[in-house]
Amino acid sequence: MSSTPSGWQGILERGERILWQGRPGRGMKLREGDLPESLFGLGFTAVPVLWLVNAGGDGFGRLGTPGVFLLVAPLFLAIGLYKTVLKYPWRVFLRRNTFYTLTNRRGIIATDPLGLKELKSYPITPQIELEPGRRGDDIWFAREKLGSRRNSPVRKIGFEQIENGRKVIALARAALAERETKDKEITP
């Protein structure tokens with residue numbers, strides 16, 4: 001009989017065990033870089049609003065053809081509103097539809113927003129880090145560069161806003177130590 005829990009067949013590898021499962025906190029959390037991005041979004045939102053104000057009642061005479069304006073303004077407005085305010089409730093919605101699993105080999109992040117299921121996993125490495133917070137702890141498994149330039153921003157990937165992060169990272173580090181011990185026993 002298989003020791004793999006129901007629903008995990010085909011996901012867990014042979015010998016992989018679930019150590020912890022949880023969900024992120026539901027509150028809003030500001031991240032590094034949110035303020036500059038929101039200020040940028042405010043500028044993007046202001047442009048179409050100023051276009052509308054300047055257009056006044058003269059039939060877009062000073063702005064050029066209304067067709068181009070009507071195509072460009074909603075795009076600027078949508079990007080600006082998202083960057084300024086809409087990204088925060090979207091993140092809360094994403095966390096509400098996110099599930100975390102820690103195994104003896106990796107961290108698994110499952111999301112299911114709007115019926116679009118996604119399962120990503122990240123190996124437990126010595127670089128795993130705990131970032132304590134007021135609304136829950138974060139455990140970072142990986143970092144992803146968001147551009148090709150040398151100074152491009154980096155996004156941290158992992159379990160966000162979890163309760164008792166110290167316990168979870170202790171489980172991860174113990175699993176890593178156990179795996180390293182087994183590797184040393186195998187290697188002559």
Side-chain angles (χ1 to χ4, degrees), residues 1-37 82 87-188:
M1 182 164 182
S2 173
S3 63
T4 303
S6 177
W8 287 91
Q9 294 84 2
I11 297 171
L12 296 181
E13 298 168 358
R14 186 180 183 139
E16 191 170 16
R17 302 180 322 272
I18 294 175
L19 304 176
W20 173 87
Q21 290 184 304
R23 298 188 68 186
R26 296 180 184 228
M28 192 165 25
K29 177 185 178 184
L30 293 176
R31 297 178 181 167
E32 186 179 323
D34 275 349
L35 181 60
E37 187 177 32
Y82 176 79
K87 67 181 172 187
Y88 302 111
W90 175 251
R91 287 181 191 162
V92 170
F93 173 75
L94 282 178
R95 277 195 301 276
R96 188 175 294 142
N97 293 285
T98 298
F99 306 87
Y100 299 139
T101 301
L102 179 72
T103 73
N104 58 327
R105 296 183 186 161
R106 58 191 168 147
I108 301 171
I109 302 171
T111 55
D112 187 13
L114 308 172
L116 304 170
K117 295 182 181 187
E118 185 176 51
L119 192 69
K120 291 188 175 182
S121 67
Y122 303 91
I124 298 172
T125 66
Q127 286 74 34
I128 189 171
E129 65 179 281
L130 172 69
E131 191 175 293
R134 287 181 289 141
R135 294 182 174 221
D137 301 327
D138 298 331
I139 295 179
W140 305 119
F141 290 95
R143 295 172 186 268
E144 175 184 51
K145 200 169 184 181
L146 299 175
S148 58
R149 295 184 183 168
R150 190 174 39 135
N151 60 348
S152 295
V154 174
R155 180 175 72 97
K156 296 177 180 178
I157 301 169
F159 299 166
E160 296 183 49
Q161 291 181 252
I162 61 170
E163 290 184 29
N164 204 356
R166 291 186 198 288
K167 175 187 171 198
V168 177
I169 201 159
L171 290 169
R173 288 182 175 148
L176 182 62
E178 179 184 322
R179 195 170 68 226
E180 288 174 347
T181 302
K182 284 183 181 177
D183 288 347
K184 285 179 183 176
E185 290 173 1
I186 294 171
T187 307

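We're numbering straight along the sequence, starting at 1.
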- Mind checking the CG-CD1 spacing from Leu119 to Ile109? Nearest 0.5 Å is all I need. 9.5 Å

- Are the side chains of Glu118 and Pro113 in touch, meaning some heavy atoms are under 4.5 Å apart? no

- Between Ala175 and Leu19, which heavy-atom pair has the shortest distance, and what is it? CB-CD1, 3.9 Å

- Any sub-3.5 Å donor-acceptor pair from Arg95's side-chain atoms to Gln161's backbone N or O? no

- Query: Would you find more than 12 non-hydrogen atoms of other residues, nucleotides or ligands less than 6.0 Å from Lys145 atom NZ?
  - Reply: yes

- Item | Worked check of side-chain contact (heavy atoms from CB on, under 4.5 Å) between Lys87 and Glu37 | CA-CA 10 Å; Lys87 67 181 172 187; Glu37 187 177 32; 2.6 Å; yes

- Query: Are side-chain heavy atoms of Ile11 and Thr101 found at a separation under 4.5 Å?
  - Reply: no

- Could you tell me which non-hydrogen atom of Gly107 sits nearest to which non-hydrogen atom of Ile124, and how far apart they are? N-CG1, 4.5 Å

- Message: Within the structure provided, determine whether Asn97 and Thr111 are in side-chain contact (heavy-atom separation under 4.5 Å).
- Response: no

- Message: Which label fits Phe159 and Phe141: parallel for a plane angle under 30°, tilted from 30 to 60°, or perpendicular past 60°?
- Response: perpendicular

- Query: Is the backbone of Arg96 close enough, under 3.5 Å, to the side chain of Arg23 for a donor and an acceptor to pair up by distance?
  - Reply: yes

- Interatomic distance, Ile169 atom CD1 to Glu129 atom CD [nearest 0.5 angstrom]: 8.0 Å

- Kindly determine whether Asn164 and Trp20 satisfy side-chain contact (heavy atoms from CB on, under 4.5 Å), including the steps that lead there. CA-CA 11 Å; Asn164 204 356; Trp20 173 87; over 6 Å; no

- Message: If we ignore hydrogens and angles and just use 3.5 Å, is the side chain of Tyr100 paired with the main-chain N or O of Glu160 as donor and acceptor?
- Response: yes

- Message: Side chains of Lys156 and Glu131, heavy atoms from C-beta outward: is any pair under 4.5 Å?
- Response: yes

- Please report the closest heavy-atom contact between Asp137 and Gly165, naming both atoms and the distance. OD2-N, 2.9 Å

- Query: Would Trp8 and Ile108 satisfy side-chain contact (heavy atoms from CB on, under 4.5 Å), going step by step from the backbone distance to the final call?
  - Reply: CA-CA 12 Å; Trp8 287 91; Ile108 301 171; 3.8 Å; yes

- Would one find more than 12 heavy atoms of other residues, nucleotides or ligands at under 6.0 Å from atom CZ of Arg179? yes

- CG on Leu171 to CG on Leu176, rounded to 0.5 Å: 12.5 Å

- Task: Drop me the distance from Glu13's CD to Asn104's CG, to the nearest 0.5 angstrom.
- Result: 9.5 Å

- Task: Using the side-chain contact (heavy atoms from CB on, under 4.5 Å) rule, take Tyr122 and Ile128 through it: C-alpha gap first, then chi angles, then the decisive distance, then the call.
- Result: CA-CA 10 Å; Tyr122 303 91; Ile128 189 171; over 6 Å; no

